[in-house]
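Input: a single structure, listed below in structure tokens.
Residue numbers count from 1 along this sequence.
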Amino acid sequence: MKKKLLSILLCTSMVAALFVGCGQKETPVSTEPETKVEEEAEAPKEEKSGNDKLVVGFAQIGQESGWRDAETASIQFYAGQNVDTIDLKFADAQQKQENQIKAIKSFIEMGVDVIGLAPVVETGWDAVFTEAKDAGIPIVLVDRMAKVDESLYSTFIGSDFIEEGKNAAIEMATLLGDEGKIVELEGTVGASAANDRKKGFDDEIAANHPNIEILESQTGDFTRAKGKEVMESFLKTYGSDIKGVYAHNDDMMLGAIEAIKEAGLKPGVDIKTVSVDGVKGIFEAMAAGEANVTVECNPLLGEQFFDTCRKLKAGETVDKWIKSEEGIYRQETAADDLPNRKY
Ligand code: AHR
């Protein structure tokens, strides 16, 4: 036992992903395979014996954006408010699919009631979802989709990313008077949020706005730093030919706004902006006249998520897609909207 404790302690210092029992104790779990097996060997017995709570494992992508932090906070806050009935095991996968898969495998070994995750990319989930299914544990996809057979997950809670992309294109066309050259900052390569926001946007431009040209489209990985870096390179290549920038999230747009200003141009005026999410930072930029439009994507999914988990534990059926209701916000009303933003 002493040896086991020691190896857990050693491993904790090399920890790559963290599991947190929300609102309760913190339980760091290493991604180093041998020690992980030792630690988890004890966990299932504890979980299975007389735990009346709803035990949920959630494998979060990481902390790439303000939106993601808001989603994490929403899930952890709700669990923290309901510690008498909910036991949340939370894993931060640090943007790596392999870490999300390791977390899911750990949750299966623990014997949790439901597993939730926001899949960092769309593909590569079949094997681990099948393991969960074989163990009788429902999978709930939260905010991002996975390309798997429908029988491998119970429900998807989240937005219509294609619709968001389409709405962003319509907004861009309106801002540009239906003509001009633009650039596109894409999200994480392979993520449903990036694939679908691109499809929705590009298809709408191709179908209905022939005088808008997408000069270039590159990934900014949903982060502010990458968004700035890629925008700097777009500005070097195309300079003042760029009349608009579409970013798959607000964080990348906030980075792009910095790059535009540093290039001596006025974001929101010389270069129109349309992005997705609706985080406070973009409302501040809109209120300051430095951004034009954000298409909302709701990260406050905590309550819906746990309600769904409760139903699944009780054996109830749930809709295959629990769709978020969202709006479009523009510069004109940003100052008034700002005080009401929750994330
Ligand atoms: O999956 C939703 C996207 O992921 C959000 O738009 C983005 O900000 C996040 O990181």
Q. Is there a donor-acceptor pair closer than 3.5 Å between any side-chain N or O of E296 and the backbone N or O of G278?
A. no
Q. Where do T273 and Y246 land on the side chain to side chain contact (heavy atoms under 4.5 Å, CB included) test, with the steps shown first?
A. CA-CA 6 Å; T273 81; Y246 164 50; over 6 Å; no
Q: Examine Y78 and F305 and state if one hydrophobic cluster contains both, with Ile, Leu, Val, Met, Phe, Trp and Tyr joined whenever side-chain heavy atoms are less than 4.5 Å apart.
A: yes
Q | Straight-line distance of F234 CZ to S217 OG, nearest 0.5 Å | A | 6.5 Å
Q. Strictly by modelled atom types, are T219 and E186 linked by a side-chain donor-acceptor pair under 3.5 Å?
A. no
Q) Is there a side chain to side chain contact (heavy atoms under 4.5 Å, CB included) between L185 and V245 once you walk through the steps? A) CA-CA 8 Å; L185 292 166; V245 54; 4.1 Å; yes
(Q) Strictly distance-based, threshold 3.5 Å: is any side-chain N or O of Q331 a donor or acceptor partner for the main-chain N or O of A291? (A) yes
Q) Side chains of E184 and H248: do they bring a donor and an acceptor to under 3.5 Å? A) yes
Q: Look only at the side chain of T174 and the backbone of I170, and say whether a donor-acceptor pair between them is shorter than 3.5 Å.
A: yes
Q: Could you go through the side chain to side chain contact (heavy atoms under 4.5 Å, CB included) check for V293 and Y329 one step at a time?
A: CA-CA 6 Å; V293 177; Y329 293 88; over 6 Å; no
Q) Does any N or O in the side chain of S74 come within less than 3.5 Å of the main-chain N or O of G302, such that one atom is a donor and the other an acceptor? A) yes
Q: Report yes or no: do V120 and F222 belong to one cluster of Ile/Leu/Val/Met/Phe/Trp/Tyr joined by side chain heavy-atom distances under 4.5 Å?
A: no
Q.
If you define the side chain from C-beta out and look only at heavy atoms, does anything of D87 sit under 4.5 Å from L54?
A. no
Q | Derivation of the salt bridge (charged side-chain N to carboxylate O under 4.0 Å, His left out) call for E316 and R310 | A | CA-CA 9 Å; E316 293 173 35; R310 271 193 206 100; over 6 Å; no
Q: Over all heavy atoms of both residues, which pair between Y238 and L215 is shortest? Give the atoms and the distance, please.
A: OH-O, 3.7 Å
Q: Consider only side-chain N and O atoms of Q94 and Q63, and report whether a donor and an acceptor are under 3.5 Å apart.
A: no
Q. Do the side chains of I257 and L338 join up, straight or via other hydrophobic residues, at under 4.5 Å, putting them in one cluster?
A. yes
Q. Out of curiosity, does L88 fall in the hydrophobic cluster containing I157 (side-chain heavy atoms, cut-off under 4.5 Å, transitive links)?
A. yes
Q. Do the side chains of V56 and L312 join up, straight or via other hydrophobic residues, at under 4.5 Å, putting them in one cluster?
A. yes
Q) On the ring face of Y153, is K320 found with NZ or CZ under 6.0 Å from the centre and within 45° of the axis? A) yes
Q. Is any NZ, NE, NH1 or NH2 atom of the basic residue among D250 and R224 found under 4.0 Å from an Asp or Glu carboxylate oxygen of the other?
A. no
(Q) Tell me whether N298 contacts the main-chain N or O of L300 through its side chain, where contact means a donor paired with an acceptor under 3.5 Å. (A) yes
Q) Using the ring of each side chain (for Trp, its six-membered ring), is W125 parallel, tilted or perpendicular to F129, with breaks at 30° and 60°? A) parallel
Q: Answer yes or no: is there a donor N or O on one side and an acceptor on the other, between the side chain of D221 and the main chain of T223, under 3.5 Å?
A: no
Q.
Under a 4.0 Å threshold between the charged nitrogen and the carboxylate oxygen, would K243 count as salt-bridged to E179?
A. no
Q. With no hydrogens and no angle check, is any side-chain donor or acceptor of D251 less than 3.5 Å from a backbone partner on S65?
A. no
Q: Check step by step if salt bridge (charged side-chain N to carboxylate O under 4.0 Å, His left out) holds for R68 and D143.
A: CA-CA 10 Å; R68 180 74 42 211; D143 106 63; 2.7 Å; yes
(Q) Using a 3.5 Å distance criterion without hydrogens, assess whether the side chain of T155 forms a donor-acceptor pair with backbone atoms of D319. (A) yes
Q | Residue pair T188 / A194: nearest heavy atoms and the distance that separates them | A | O-CB, 3.3 Å
**Q.** Distance-only polar pair, side chains of E216 and T237, donor-acceptor under 3.5 Å
**A.** no
Q) Are R341 and Y343 in a cation-pi setup, meaning NZ or CZ lies under 6.0 angstrom from the ring centre and within 45 degrees of the ring axis? A) yes
Q: Check whether the side chains of Q100 and E98 place a donor and an acceptor atom closer than 3.5 Å, and report yes or no.
A: no
(Q) Per the salt bridge (charged side-chain N to carboxylate O under 4.0 Å, His left out) rule, what does the pair list look like for residues 146-169, sequence neighbours excluded? (A) E122-K147, D160-K323, E164-R197
Q: Would you check if the distance from the ring center of F107 to the ring center of F58 is below 6.0 Å?
A: no
Q: For D196 and K198, run salt bridge (charged side-chain N to carboxylate O under 4.0 Å, His left out): C-alpha distance rounded to whole Å, both residues' side-chain angles, the deciding distance at 0.1 Å, then the answer.
A: CA-CA 5 Å; D196 290 355; K198 181 168 176 57; over 6 Å; no
(Q) Give me the atom names and distance for the closest heavy-atom approach of L141 to P119. (A) CD2-CG, 3.8 Å
Q) At their closest point, which heavy atom of C297 faces which heavy atom of F161, and how far apart are they? A) SG-CE2, 4.0 Å
(Q) Checking the side chain of K181 only, and the main-chain atoms of I212 only, is there a donor and an acceptor separated by less than 3.5 Å? (A) no
Q) With a cut-off of 6.0 Å (strictly less than), are more than 12 heavy atoms of other residues, nucleotides or ligands near CD of E325? A) no
(Q) Between E290 and K266, is the salt bridge (charged side-chain N to carboxylate O under 4.0 Å, His left out) condition met? List the steps. (A) CA-CA 7 Å; E290 294 182 341; K266 286 189 181 151; over 6 Å; no
Q: With I242 as reference, evaluate V183, I182, D270, I260 under the side-chain contact (heavy atoms from CB on, under 4.5 Å) test and give the passing residue.
A: V183
Q. Would I271 and L235 count as a side chain to side chain contact (heavy atoms under 4.5 Å, CB included) if you check the C-alpha gap in whole Å, the side-chain angles of each, and the deciding distance to 0.1 Å?
A. CA-CA 11 Å; I271 299 182; L235 284 161; 3.9 Å; yes
Q: Give a yes or no answer on whether the side chain of R330 reaches the backbone of N292 with a donor-acceptor pair at less than 3.5 Å.
A: no
(Q) For A118 versus E71, what's the shortest heavy-atom pair and its separation? (A) CB-OE1, 4.3 Å
Q) What are the two closest heavy atoms between A259 and K228, and how far apart are they? A) CB-O, 3.7 Å
Q.
Any donor-acceptor pair under 3.5 Å linking the side-chain atoms of D337 with those of T333?
A. yes
